[in-house]
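Position 1 is the first residue of the sequence; numbering continues from there. Predicted, not measured: the structure shown is a model, and the values here were computed from it. Excluded from the calculations below are hydrogen atoms, water molecules and symmetry mates; all remaining heavy atoms, backbone and side chain alike, are included.
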Amino acid sequence: MTPTRFSNAVLARATDATPSEADFPAVAPGSDYDTVRRILSFITHNWREQPTIEAIAEAAGATPTDVHHLFRRWCGLTPKAFLQAITLDHAKGLLSSSASILDTALEVGLSGPGRLHDLFVTHEAMSPGEWKTGGEGLKLSYGFHASPFGEALVVITERGLAGLGWVSNSADGGKVVGGRAEALADMMRRWPHADYHYDPVLTAPYAGRIFEPKAWSAETPLRVVLIGTDFEVRVWETLLRIPVGCATTYGEVANHIGKPSAARAVGMAVGKNPISFVVPCHRVIGKSGALTGYHWGLTRKRAILGWEAGQTAAG
């Protein structure tokens, strides 16, 4: 996937608005995701051989015991179970009931671990006029926060969460490779006329709610604001109906919104989703079960799907 090339003006604006290292503590080197990313890079190229934990540990520069404890701590799975959770065979199994997932997830409810299906999200869409003006008059607060999948960029309005992206490097891949400035530029190009304010104190509670399953509560739903075209919003609303531990295809999403021939357009809308993880574009995969392109990189997509498999197993 070719990284996005930002205009000089957008990247310069984002660079000026990006806090210095002294303004907040950096994500600690050697964090769980940093190690998981190295492991995933190895697994991505060797999963067909079902590598042993010894081989995985050697590639990660760790001991087998360390790797075992890492995965138990990070996602609640053994390395072998995590490896199984990100294989093609597992993805095909997730798709086996995809046709009914979108039709019934909200109507019948889900019991057991699947009840985590939507982070208990409540959402609203901004008016088409607000989107067409590029966010003119819109105040957006943002902050960078640690997460299970690396450093996250959280963007909010007074109405709720509007953006969630990642600080990515070449190991993650994807469309946004670089540092904090590139992650922020990716949001700024979506709503170029909005007013951006760095306020990590304001965004921190959102990061805590998003990445801590124990904080997912029906009594205090996470409020999300969708800012896009009418078509994009319809696609994103459909994504919110895909339960944790399940997957669907671009074609199924197109069918659900009444546009069965628009799978390609759906794919473009999925790729433009500004609220990663919460609006779960990572749960849309190819009809063969293969993981397809992900804006924030296939390494991170595999990490999220494996982590979610652990949450579902623990539920």
Side-chain angles (χ1 to χ4, degrees), residues 1-29 31 33-34 37 126 129-147 149-211 223-229 232 271-279 281 294-297 299-300:
M1 182 178 288
T2 304
T4 297
R5 292 185 179 274
F6 303 107
S7 70
N8 291 337
V10 170
L11 188 55
R13 183 187 180 195
T15 300
D16 289 343
T18 301
S20 67
E21 292 288 340
D23 287 334
F24 56 90
V27 177
S31 63
Y33 180 69
D34 188 52
R37 179 163 47 197
M126 286 201 159
E130 289 174 301
W131 173 79
K132 288 179 181 177
T133 61
E136 186 174 356
L138 180 65
K139 180 179 179 180
L140 295 174
S141 300
Y142 65 94
F144 294 91
H145 303 277
S147 85
F149 317 109
E151 192 171 16
L153 168 63
V154 177
V155 181
I156 65 172
T157 74
E158 61 181 9
R159 294 190 241 176
L161 179 71
L164 175 58
W166 313 96
V167 178
S168 300
N169 63 27
S170 57
D172 295 299
K175 287 283 190 179
V176 186
V177 175
R180 297 184 182 107
E182 284 77 11
L184 183 56
D186 183 58
M187 290 294 174
M188 285 183 166
R189 71 181 176 84
R190 300 169 189 268
W191 314 298
H193 303 305
D195 187 14
Y196 292 82
H197 296 267
Y198 178 61
D199 194 339
V201 174
L202 201 60
T203 55
Y206 282 85
R209 287 281 310 284
I210 291 165
F211 300 116
R223 190 160 192 79
V224 169
V225 180
L226 303 177
I227 309 173
T229 67
E232 288 168 351
K272 291 180 179 179
N273 167 35
I275 310 177
S276 176
F277 186 70
V278 175
V279 179
C281 50
Y294 184 57
H295 189 76
W296 289 275
T299 295
R300 186 168 278 112

S.K.: Please examine the side chains of His197 and Lys139, heavy atoms only from C-beta on, and report whether any two atoms are closer than 4.5 Å.
M.R.: yes
S.K.: So which heavy atom on Leu153 is nearest to which on Met187, and how close?
M.R.: CD2-CG, 3.7 Å
S.K.: At their closest point, which heavy atom of Trp296 faces which heavy atom of Gly165, and how far apart are they?
M.R.: NE1-CA, 3.4 Å
S.K.: Indicate the ring-plane relationship of Phe277 and Phe149, choosing parallel, tilted or perpendicular according to the 30° and 60° boundaries.
M.R.: tilted
S.K.: Can you check whether Asp172's main-chain N or O pairs, donor with acceptor, with Asn169's side chain at less than 3.5 Å?
M.R.: yes
S.K.: Nearest 0.5 Å, please: how far is CD1 in Ile210 from NE2 in His145?
M.R.: 9.0 Å
S.K.: What pair of heavy atoms forms the shortest contact from Arg223 to Tyr206, and how long is it?
M.R.: O-CE2, 4.3 Å
S.K.: Quick one: sort the Tyr142 and Tyr198 rings into parallel, tilted or perpendicular, breaks at 30° and 60°.
M.R.: tilted
S.K.: Assess whether side-chain contact (heavy atoms from CB on, under 4.5 Å) is satisfied between Leu184 and Val155, documenting all intermediate values.
M.R.: CA-CA 9 Å; Leu184 183 56; Val155 181; 5.6 Å; no
S.K.: Looking at Ile227, is its backbone amide N or carbonyl O close enough to the side chain of Arg190 to form a donor-acceptor pair, meaning the two atoms are under 3.5 Å apart?
M.R.: no
S.K.: If I compare all heavy atoms of Ala181 with all of Thr15, which pair ends up nearest, and what's the gap?
M.R.: CB-OG1, 3.7 Å
S.K.: How close do Leu138 and Thr157 get, counting heavy atoms only, and between which atoms?
M.R.: CD1-CG2, 4.0 Å
S.K.: Between the side chain of Thr299 and the main-chain N/O of Ala171, is any donor-acceptor distance below 3.5 Å?
M.R.: yes
S.K.: Measuring only between side-chain heavy atoms, which start at C-beta, is Ser168 closer than 4.5 Å to Arg300?
M.R.: yes
S.K.: Taking C-beta and beyond as the side chain, do Tyr33 and Ser147 meet within less than 4.5 Å on heavy atoms?
M.R.: no
S.K.: Go through the steps for Ser276 and Tyr294 under the test side-chain hydrogen bond (donor to acceptor under 3.5 Å, both in side chains), then give the verdict.
M.R.: CA-CA 10 Å; Ser276 176; Tyr294 184 57; 2.8 Å; yes
S.K.: Measure from the side-chain N and O atoms of Asn273 to the backbone N and O of Val279, and report whether any donor-acceptor pair falls under 3.5 Å.
M.R.: yes
S.K.: Between Arg13 and Asp16, is the closest basic N to carboxylate O distance under 4.0 Å?
M.R.: no
